[in-house]
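Chain letters run A, B, ... following the sequence lines, proteins first, then strands; residues in each count from 1. What you see is a predicted model, and the numbers here were worked out from it, not measured in a lab.
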Number of protein chains: 4
Amino acid sequence: MVAVTKNGRSAPTSERRDELLAIAARLIATRGFSATTVRDVADEAGILSGSLYHHFSSKEAILAELLKRFMTTLLDRFEKIAAETDSPREALDLLVDQAFRTIESEPDAVGIYQNESSFLATQQGFEFVSEHSARIEQIWMTAIRDGQASGDFRASVDPAITYRFIRDSVWATGRWFRPGGRHTAESLSAHYLDFLHQGLLAD
Amino acid sequence: MVAVTKNGRSAPTSERRDELLAIAARLIATRGFSATTVRDVADEAGILSGSLYHHFSSKEAILAELLKRFMTTLLDRFEKIAAETDSPREALDLLVDQAFRTIESEPDAVGIYQNESSFLATQQGFEFVSEHSARIEQIWMTAIRDGQASGDFRASVDPAITYRFIRDSVWATGRWFRPGGRHTAESLSAHYLDFLHQGLLAD
Amino acid sequence: MVAVTKNGRSAPTSERRDELLAIAARLIATRGFSATTVRDVADEAGILSGSLYHHFSSKEAILAELLKRFMTTLLDRFEKIAAETDSPREALDLLVDQAFRTIESEPDAVGIYQNESSFLATQQGFEFVSEHSARIEQIWMTAIRDGQASGDFRASVDPAITYRFIRDSVWATGRWFRPGGRHTAESLSAHYLDFLHQGLLAD
Amino acid sequence: MVAVTKNGRSAPTSERRDELLAIAARLIATRGFSATTVRDVADEAGILSGSLYHHFSSKEAILAELLKRFMTTLLDRFEKIAAETDSPREALDLLVDQAFRTIESEPDAVGIYQNESSFLATQQGFEFVSEHSARIEQIWMTAIRDGQASGDFRASVDPAITYRFIRDSVWATGRWFRPGGRHTAESLSAHYLDFLHQGLLAD
DNA sequence: CATGAATGAGGATTCATTCAT
DNA sequence: AATGAATGAATCCTCATTCAT
C-alpha cells in the first residue's frame, strides 16, 4: 500500500514481501500464531515453506513485522488525532472512530493484535508491543481525564477502568464485525458512541 | 476444587485429575492451547508427559473438559438468574455481576473461553461451545429486549450490538483484572454497571 | 564402564544412554561432528531420530557429554601421574604412555577431541574444553620444566614449543593407529619415547 | 595473490576467483568444510550465495581446487628438494624447513589439508589427495631411510612410524602458530630441527 | 499411578543449487 | 558478474501419543 521506491536496495520492502505478509496475517488472525505453520503460509502463497526464509528470517520475524507495522501506523493515527483536536470529547469520539475504521481496513492485524499481544508483550524482540500500547493508553486516558476536567465526562468514573472497558469493547468488535454485512465501520462507530455517551438507561 | 461427586461413577473425577486440570487451565490460559504442550502440563505437575494419558485420553479432551465444566456451570448460573428475576434491569445487573464474579473465581477458564472459543466453535467435539454460547446470548438479549420493552433501557440501541459491546468489555476484564489488587469483582461490577447505565457524558 | 547405581533417579546415566553415546562417538570421530547427522546416529542405534531426544537435549549436548567425560577422565589420569611421580623424566614418560593407552582404549573420543576441540573451545557450553586443556598443558609443561631444572632434559629447548611438538605427534597417532595391526599402544609408546629421548641423529 | 596466468586460458583463473578462494579457504580452515556454508563464503565476499555459482560449479569444487593447488605446489617443492639434495640429513632438514615455510605462507590451506584430507581421501573427485600424499610420504621416507643407510640417522627407529611422528608434529604446528607472534617459520624450524636431531635428553 | 523408551508425524529452519533477469 | 526468487532435500528438533514394565 505504502508507496515504496523501486530500487530494491536495503531489502526491507518489496511487493512479494508484502503479499506474503498479507497472507500470513490472514492465517495468523484466523488460527492463531502458534497454530499457523510456516507451511500453511507458504502453501497459500504457492511456494515451498523453505522459500519463505528468503524473505523472512523466522516465523517470529513475520509476526513481529506484522505487529510493528500495525502498531506504528495506529499509534501515528492516534497521535495525530490527539495533536489536532482541542475538545476532549471530540478527541475521544475521533479515537473511537479511528479504531472502528482500523478494524474495517485491517481486520487481520487487529485480530492478531488482540489475540497475541498480551502474551508477546513479555517476549524478547517484542518490546515495542508494550511500549506502543503504553503510549496509546496514554493518549486515550488523557482524552478521558481532560474530558472529566472540562466537565464533559462524568467525574465519578475511574479513567483507567473506563479506558479498558472502552478499549476492549471497541477492539473486540473485530471478532464479529465483517464488512459487507449489516454494519459498516461508520454505523458501528455511531452506534457505539451513542451507547458510550448516554449509557443504557432511559431517562 | 469444588467436589463434584454427584454421580457416583469412579473414574471421571478424582482429586489428582482436578489438580491436573487446574494446571492445564493455567497454562492454556496463559499461552494459548496450541502453544501449551502436554509436556508443559506434565512438567508442572511433576510427572512425565506420557503419564497424563492415564488421566485424559488426549490433549483436546483436557480442553474439552475444562470448557465444558466452565460453560455448563456458567449457563446454569445465568439460567438461574433469568428464572428468578422479574425486572429486566435487575436481571441484566445480576448477569453482569455474575460474570465479574466468575472472572474472579475462575480466571483461567474465562481466559481460555475468550481465546479459544471462537476457533473451537467449529471443531468436532466442541459443538457444545456454540450451543452454550447461543443459549447464553439468548438470556442476555432477552434481558436487554425486555428492558427496552419495559422502558427501562433506551429503545434506540440495537440489542444485538449492545449485547456484544457489553459482553466483550465485561469478559475482557479477565485479561487485566488480577484479584488482590486495587479491585475486587464487586467493585469492578459496581463500576461497570454505573458506566453501563449512565454512559460517559455528564448531564 | 563406570559402575552406576541402579536407581535411575537424576537421569544422567543409563545403559541405553551409554550405548547411544558410544555410537555417536564412533560416527562423529569418523565423519566429524557437523557431517554426522542425528539420523545417522539414530539409524545406527535402530531407533528414530526423534527418539534420541528422549535421551539428549540436543546434538550439541551429545558432543558436550562425550568430550566432558573424556577430558575429565584424561585430566584425572594425568593429575594422578603428576601427583604420584617424583622424577620429571619418569613423569613425562608416564604421561606419554598414558596418552598412547588412551588412544588405544578410547580412539573415538581422542579423534573427536583432536578434530573438534579447537573450534569448540570458543563455543558456549564448551568452556570446559579450554579449561581442561589448560590444566593438562600445565601438567605436561611442569614435567618438562622440572626435567630441565633437574638436568634430565636439555635446557636449550623451549618448553612450550616442545610440549606442543610432543602433544601433537602423540595425539595425532590416533589418526592412523588401529589396534590389532602391527602396533600396540605399548610398542608405539616405547618407540615414541626412544625417539623422543634420543632424537633422530646417530651419535 | 600470486598472479597465476601461465596458461592463457580465460575462465579458470581470475582475480575475483582467487579472492573468493581465499575467503573460502579461511572459513573452511576455521570451521571445517561441512560446517562452512556457501552462504558464509558469499556473505564474506559481499555477494549472494547463488552468485558463487558463477565462479564455481559446486561447494566441493571449491574445496577440490583449494586442495589441488595446495598439494600440487607442495609436492613440487618437496620433489625439487629431493632432486637437488644429496645428503639425506640435509634433505630432511630442508623438507622440514619447507613445511614450516608453507605453514607460514598458506596457513589456511594447511589447516584444511589437516582437517579434511583423511576423510576426503576416499571421496570421488579427490583421488589426487591420497595420490599426492603417497608421493609426499615416499619422498620423506626415502630421506629417512637413506639417512639410516648412510649412518646419519639411528637405525633403530622405525622409518614409517618416525615419518608419521615428524609429519604430525610439524603440520600440527599450523593449529597454533600465528605469524606475527614470538615465532617465525625460521625460528620454529630451527627449534624443531634441534629437537628432532638431539631429542630431549641431556647427554 | 507412574516411568522410560519409543513412535510417527510434523514443525521450523538450513542449505546447496538453479535460473530468469 | 551479480541479483532475487525459488527449489528440493535434508537438518535438528518437537510433540502428541503408545505401551511394556
Side-chain angles (χ1 to χ4, degrees), chain A residues 7-9 11 14-17 19-20 34-42 45-62, chain B residues 11 14-17 20 34-42 45-62, chain C residues 7-9 11 14-17 19-20 34-42 45-62, chain D residues 11 14-17 20 34-42 45-62:
Chain A
N7 61 349
R9 73 174 143 71
S14 82
E15 272 182 42
R16 189 63 173 131
R17 208 181 155 79
E19 279 176 50
L20 296 172
S34 111
T36 303
T37 73
V38 168
R39 180 136 58 205
D40 290 338
V41 178
I47 59 177
L48 290 175
S49 67
S51 304
L52 268 181
Y53 289 80
H54 184 66
H55 302 274
F56 306 98
S57 62
S58 71
K59 187 187 166 192
E60 265 203 354
I62 297 179
Chain B
S14 80
E15 271 181 44
R16 189 63 173 135
R17 207 181 154 79
L20 296 174
S34 115
T36 302
T37 73
V38 170
R39 209 178 146 188
D40 289 338
V41 178
I47 59 178
L48 291 176
S49 65
S51 305
L52 267 182
Y53 289 78
H54 198 69
H55 301 274
F56 306 98
S57 62
S58 73
K59 187 187 167 192
E60 270 205 349
I62 298 179
Chain C
N7 62 347
R9 71 172 144 71
S14 82
E15 272 181 43
R16 189 62 173 132
R17 208 181 155 80
E19 280 176 50
L20 297 172
S34 110
T36 302
T37 72
V38 169
R39 180 138 57 205
D40 289 338
V41 178
I47 60 177
L48 290 174
S49 67
S51 304
L52 269 180
Y53 290 79
H54 184 65
H55 301 275
F56 306 98
S57 61
S58 71
K59 188 188 166 190
E60 266 205 353
I62 297 180
Chain D
S14 80
E15 271 182 43
R16 190 61 173 136
R17 207 182 155 78
L20 296 172
S34 114
T36 301
T37 72
V38 170
R39 207 180 147 185
D40 289 338
V41 179
I47 59 178
L48 290 177
S49 65
S51 305
L52 268 181
Y53 289 79
H54 196 68
H55 303 273
F56 306 98
S57 63
S58 73
K59 187 187 167 191
E60 270 203 351
I62 297 179

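Closest non-hydrogen pair, B:Leu20 versus B:Val41, comes out as O-CG1, 4.4 Å. The minimum heavy-atom distance linking A:Arg16 with A:His55 is given by the pair CG-CE1, 3.5 Å. Contact between B:Arg39 and B:Ser49 at its shortest, heavy atoms only, is CA-CB, 3.9 Å. Closest approach of B:Lys59 and B:Tyr53 over heavy atoms only: N-OH, 4.4 Å. Listed here is the closest heavy atom pair of B:Asp40 and B:Ala35: OD2-O, 3.9 Å.
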| task | Treat primed atoms plus P, OP1 and OP2 as sugar-phosphate and everything else as base, then score nucleotides 13-21 of chain E 5' to 3': B for base contact with protein heavy atoms under 4.0 Å, S for sugar-phosphate contact only, - for none. | result | BBSSBB---
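Along DNA chain F, the nucleotide nearest A:Gly46 and the nucleotide nearest D:Ile47 are compared for position; the residue whose nucleotide lies closer to the 5' end is D:Ile47.
Distances shorter than 4.0 Å separate some side-chain N or O of A:Arg16 from OP1 or OP2 on F:dA6. Proximity of C:His54 to the phosphate of F:dC15: no side-chain N or O atom is located under 4.0 Å from OP1 or OP2.
The CZ-C1' distance, from B:Phe56 to E:dC1, rounds to 13 Å in whole Å. If you take CG of C:Leu52 and P of F:dT14, they are 13 Å apart, rounded to a whole angstrom.
The side chain to side chain contact (heavy atoms under 4.5 Å, CB included) check on C:Ser58 picks up C:Glu60, C:Ala61, with sequence neighbours excluded.
With a cut-off of 3.5 Å on both pairing distances, the Watson-Crick and G-U wobble pairs of DNA chain E assemble into stems of 3 or more at E:2-21 with F:2-21.
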